[in-house]
Amino acid sequence: MPTKIDYDAKIPNNVDLSGDRRLQRALEGWQPKFLDWWGEMGPALRTQGVYLRTAVSVGRDGWAHFDHVDVPDYRWGIFLAEPDPDRVIGFGEHKGEPAWQQVPGEYRADLQRLIVIQGDTEPASVEQQKLLGLTAPSLYDLRNLFQVNVEEGRHLWAMVYLLHAYFGREGRDEAEGLLLRNSGSPDAPRILGAFNEETADWLAFYMFTYFTDRDGKYQLGTLKESGFDPLSRTCEFMLKEEAHHMFVGTTGVDRVVTRSAELIREHDTFDIAGHGGIPLDVIQRYLNFHYTVSLDLFGGETSTNAANYYTAGLKGRWQEARRKDDHKLTDAAGSLSRPRADGTWETEELAAILLLNLDLREEYRADCQTGVNRWNKILDEAGVDFRFVLPHPGFNREVGINSGHHVTPDGTVVDERTWLAGKRKWLPTPEDLSFVRSLMHPVYERGKIASWVAPPRQGINGKPFDYEYVYLS
C-alpha cells in the first residue's frame with residue numbers, strides 16, 4: 001500500500017482506488033452528494049482562498065502541504081496510515097492472531113455500528129459551526145475554523161470509504177444516512193447528544209475543540225487498536241489531523257483567559273463585562289457545560305457492549321500496548337463510585353472488563369486537567385486570584401449512573417430544589433450566552449483582533465499573525 005497520495009485521481013487516495021472499479025464508481029457517485037451537503041450545511045461565510053494544510057503523504061515526516069485553497073475545491077480524500085505487515089491483534093480472545101484485512105462475518109454488525117457512530121460525529125461538528133465564520137475574531141481564527149471544518153469533512157470520507165469498501169449494500173445505505181441526519185434536526189438528529197448542541201459563539205467553539213474534540217481523540221485511540229486493520233490504520237492517520245483541532249481549543253481558551261486577566265489587572269476588577277472582556281466565572285460555566293456534555297459521549301460507566309467489543313478485538317483501550325496486564329481482563333477488577341438516594345456515595349467493585357468506558361473516561365479526565373492547569377498558570381502569572389476547576393464527573397450528567405441524580409460541581413448529592421437554586425451559578429445562563437454573543441463581531445482586517453481575546457503567540461506554519469490567512473470575497 002503506498003504512503004504517497006494519488007492526487008491525479010478524482011478522489012485523492014492511497015488505497016489504490018483505481019484498482020477496484022466498482023468501489024471507485026460507488027464513491028464517485030457519493031462525492032457529488034457530499035459536495036451538495038457541504039454547500040448547504042458547511043461554512044456560511046464565502047471566501048476566495050484559505051491558507052490550509054492538505055495531506056500529501058501518510059508518512060511520519062512532511063505529510064502536509066500548506067497553501068491558499070478555495071474551500072469548495074479542497075481535495076477531500078481517503079488516506080490510511082502506513083501498513084504493518086506483521087501486525088497482530090493486541091487484546092481480547094483473538095490476542096496474538098494476525099490483524100484482519102477483511103471484516104470477520106461474526107463481527108460485521110458491531111464493526112459497522114462503530115464506524116457509523118464515529119462517522120456521524122464528523123459532519124455534525126461542521127454543521128454546528130456553520131455560522132461561526134460570520135463572527136470570527138481574526139483572520140487567524142477564521143483560518144483555523146476552516147481547517148477544522150475541512151478535516152472533519154475528510155474524516156467523514158474516511159468512515160464512508162470503510163462503509164463502501166467492506167460492508168456492501170448496507171454500508172452504502174449507511175453512508176447515505178450520514179448526509180441525511182443533521183445536527184439539531186428535530187426529525188433526523190445526529191446520533192450522539194453533544195453533536196446536536198448549538199455552537200453559537202467562539203468561546204463555545206474553543207471549548208468544543210478542547211473538550212469534545214478531545215473525546216474524539218480518545219475514541220479514535222481505542223479504534224486505532226482494533227483488530228480490523230483498515231479501521232486501525234484509518235484512525236491512526238485521523239489522529240494526526242485531530243491534534244490540530246485540540247490545539248485550536250487549548251490555545252483558544254488560553255487566549256481568552258489571557259485577555260480577561262489583562263482586563264482584570266487594567267481595571268482592577270473581576271467585573272470586566274463592561275470593558276469588553278469575558279468574566280472568569282462565565283468562562284468557568286462554559287467549561288462546566290462543555291466538559292460534562294463531552295463526558296456523556298463516553299456512555300455509561302458499565303457497559304456490556306464495550307466489554308463485548310473488547311473481547312472480540314474490535315475496540316481496545318487507550319494505549320493498549322502500554323498496559324501491564326494480560327490484555328484479556330479475565331480476572332481483573334475495578335472500582336465504581338455511585339450516588340445513593342440518601343445523598344452519599346458508595347463504592348462497588350466490578351469486573352474491569354465491564355468498566356472500560358470508565359477506564360477511557362478517566363484517561364480523558366486526566367488529559368482535560370492539563371488544560372485547566374495551563375489556564376490557571378496564566379492567571380497565576382498575571383497575579384489574578386481565581387482558579388478554574390473541572391467539575392465532579394457526576395455533575396450535569398444525562399448518561400450513566402449519575403443521570404437522574406442532582407450532583408453539584410464539588411460532588412455533593414443534593415435534592416432537586418437545591419440543584420435548581422444553584423444551577424445559575426454552575427452552568428451558562430441565558431444572560432451569559434447573550435452577553436458572549438454580543439461580543440461576537442467579525443474582525444477581518446489583517447493583524448487585527450477582537451477585544452475579548454488575545455492574539456496567538458505565533459502564526460500557522462511559521463507565518464506571522466498578520467499574514468493574510470484568508471482571502472475574503
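Values below: all heavy atoms of this structure, side chains included; hydrogens, waters and symmetry mates excluded. It should be emphasised that the depicted structure is a prediction, and the values quoted were computed from it without experimental measurement.
Phe79 and Tyr7 have tilted rings, their planes meeting at an angle from 30° to 60° on a 0 to 90° scale. Ring geometry, Trp375 versus Phe211: the interplanar angle exceeds 60°, so the pair is classed perpendicular (tilted spans 30 to 60°). Between Phe208 and Phe195, the ring planes are perpendicular. Angles over 60° get that label, and only those under 30° would be called parallel. Ring orientation note: the planes of Tyr364 and Phe298 are tilted relative to one another, at an angle of 30° to 60°.
Remark: the backbone N or O of Gly400 is paired with a side-chain donor or acceptor of Ser403 at under 3.5 angstrom. Put simply, the side chain of Arg143 never gets that close to the backbone of Val50: no donor and acceptor are under 3.5 Å apart. In this structure, the side chain of Asp296 engages the main chain of Glu398 through a donor-acceptor pair within 3.5 Å. Proximity of a side-chain donor or acceptor of Asn14 to a complementary backbone N or O of Leu80 within less than 3.5 Å is detected. Panel note: side chain Tyr210, backbone Cys368; a donor-acceptor pair is recorded below 3.5 Å. A side-chain donor-acceptor contact under 3.5 Å links Thr209 to the backbone of Gly249. Side-chain N or O atoms of Arg437 include none that pairs as donor or acceptor with a backbone N or O of Ala200 at under 3.5 Å. Between the side chain of Lys315 and the backbone N or O of Tyr310, no donor-acceptor pair lies under 3.5 Å. Between the side chain of Gln129 and the backbone N or O of Thr199, no donor-acceptor pair lies under 3.5 Å. Arg53 places no side-chain N or O within 3.5 Å of a backbone atom of Gln147 that could act as its donor or acceptor partner.
Atom-to-atom distance recorded for Phe386:CZ and Ile283:CD1 is 8.0 Å, nearest 0.5 angstrom. Atoms CD and CG, on Glu236 and Leu220 in that order, are 11.5 Å from each other to the nearest 0.5 Å. Taking CG from Asn149 and CG from Leu52, the interatomic distance works out to 10.0 Å, rounded to the nearest 0.5 Å. If you take CD on Gln31 and CG on Asp36, they are separated by 11.0 Å, rounding to the nearest 0.5 Å. The distance from the CD atom of Glu174 to the CG atom of Leu180 is 10.5 Å, given to the nearest 0.5 Å. Interatomic distance, OG of Ser138 versus CG of Asn144, reported as 8.0 Å (0.5 Å rounding).
Looking only at side-chain heavy atoms (C-beta outward), Arg233 and Arg87 stay at 4.5 Å or farther from each other. Taking the side chain as every heavy atom from C-beta outward, Tyr309 and Leu356 never approach each other to under 4.5 Å. Annotation: side chain of Ile460 is not in contact with side chain of Lys463 (no heavy-atom distance under 4.5 Å). Contact check for Leu295 versus Asn396: no side-chain heavy atoms found under the 4.5 Å cut-off. Between Asn402 and Pro339 there is a side-chain heavy-atom pair separated by less than 4.5 Å. For the pair Leu390/Leu287, a side-chain contact is recorded, criterion being any heavy-atom separation below 4.5 Å from C-beta on. Residues Pro391 and Thr292 meet the side-chain proximity criterion, which asks for heavy atoms closer than 4.5 Å. A heavy-atom distance below 4.5 Å is found between the side chains of Leu27 and Val160.
Side-chain atoms of Asp432 and Thr429 include a donor-acceptor pair closer than 3.5 Å. Using modelled atom types, one finds a donor on one side chain and an acceptor on the other under 3.5 Å when comparing Asp410 with Thr412. Checked by atom type, the side-chain pair Ser226/Ser232 shows no donor-acceptor distance below 3.5 Å. With no hydrogens or angles considered, no side-chain donor-acceptor pair links Tyr161 and Asn13 at under 3.5 Å.
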Side chain to side chain contact (heavy atoms under 4.5 Å, CB included) between Leu156 and Trp76, intermediate numbers included: CA-CA 9 Å; Leu156 170 60; Trp76 287 282; over 6 Å; no
ring-ring contact (aromatic ring centres under 6.0 Å, His included) evaluation trace for Trp202 with Trp452: CA-CA 10 Å; Trp202 279 78; Trp452 55 269; 7.7 Å; no
Check against side chain to side chain contact (heavy atoms under 4.5 Å, CB included), Val372 and Gln369: CA-CA 5 Å; Val372 174; Gln369 184 62 50; 3.8 Å; yes
Derivation of the side chain to side chain contact (heavy atoms under 4.5 Å, CB included) call for Tyr444 and Leu139: CA-CA 6 Å; Tyr444 297 145; Leu139 290 182; 4.3 Å; yes
Step-by-step side chain to side chain contact (heavy atoms under 4.5 Å, CB included) determination, Tyr166 to Leu231: CA-CA 10 Å; Tyr166 296 97; Leu231 174 60; over 6 Å; no
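Tyr74 has its ring centre no less than 6.0 Å from the ring centre of Trp38. You'll find the ring centres of Trp30 and Trp37 outside the 6.0 Å limit.
The pair Arg387-Asp380 meets the salt-bridge criterion, with a side-chain N (NZ, NE, NH1 or NH2) lying under 4.0 Å from an Asp/Glu carboxylate O. A salt bridge links Glu127 with Arg190: the closest approach of a Lys/Arg side-chain nitrogen to an acidic carboxylate oxygen falls below 4.0 angstrom. We find that Asp367 and Lys217 are joined by a salt bridge, their nearest charged nitrogen and carboxylate oxygen being less than 4.0 Å apart. The pair Glu320-Arg317 meets the salt-bridge criterion, with a side-chain N (NZ, NE, NH1 or NH2) lying under 4.0 Å from an Asp/Glu carboxylate O. Under the 4.0 Å criterion applied to side-chain N and carboxylate O atoms, Arg323 and Glu363 are assigned as salt-bridge partners.
Counting all heavy atoms, side chain and backbone alike, Thr121 lies closest to Gln118 at OG1-O, 2.8 Å. Residues Arg181 and Asp120 come closest through the heavy atom pair NE-OD1, 2.7 Å. Nearest heavy atom pair, residue Gly277 against residue Leu263, reads CA-CD1, 3.4 Å. Across Glu151 and Glu241, no two heavy atoms sit closer than the pair OE1-O, 3.5 Å. Residues Leu280 and Phe388 share a closest heavy-atom pair of O-CE2, 3.6 Å. The minimum heavy-atom distance between Asp385 and Phe270, with the atom names listed, is O-CZ, 3.7 Å.
The number of heavy-atom neighbours closer than 6.0 Å to CG of Asp73, taken from other residues, nucleotides and ligands shown, is above 12. For Gln458, the CD atom counts as loosely surrounded, since its 6.0 Å shell holds 12 or fewer non-hydrogen atoms of other residues, nucleotides or ligands.
Figure legend: cation-pi geometry between Arg214 and Tyr218 absent, as NZ or CZ is not positioned both under 6.0 Å from the six-membered ring centre and within 45° of its axis.
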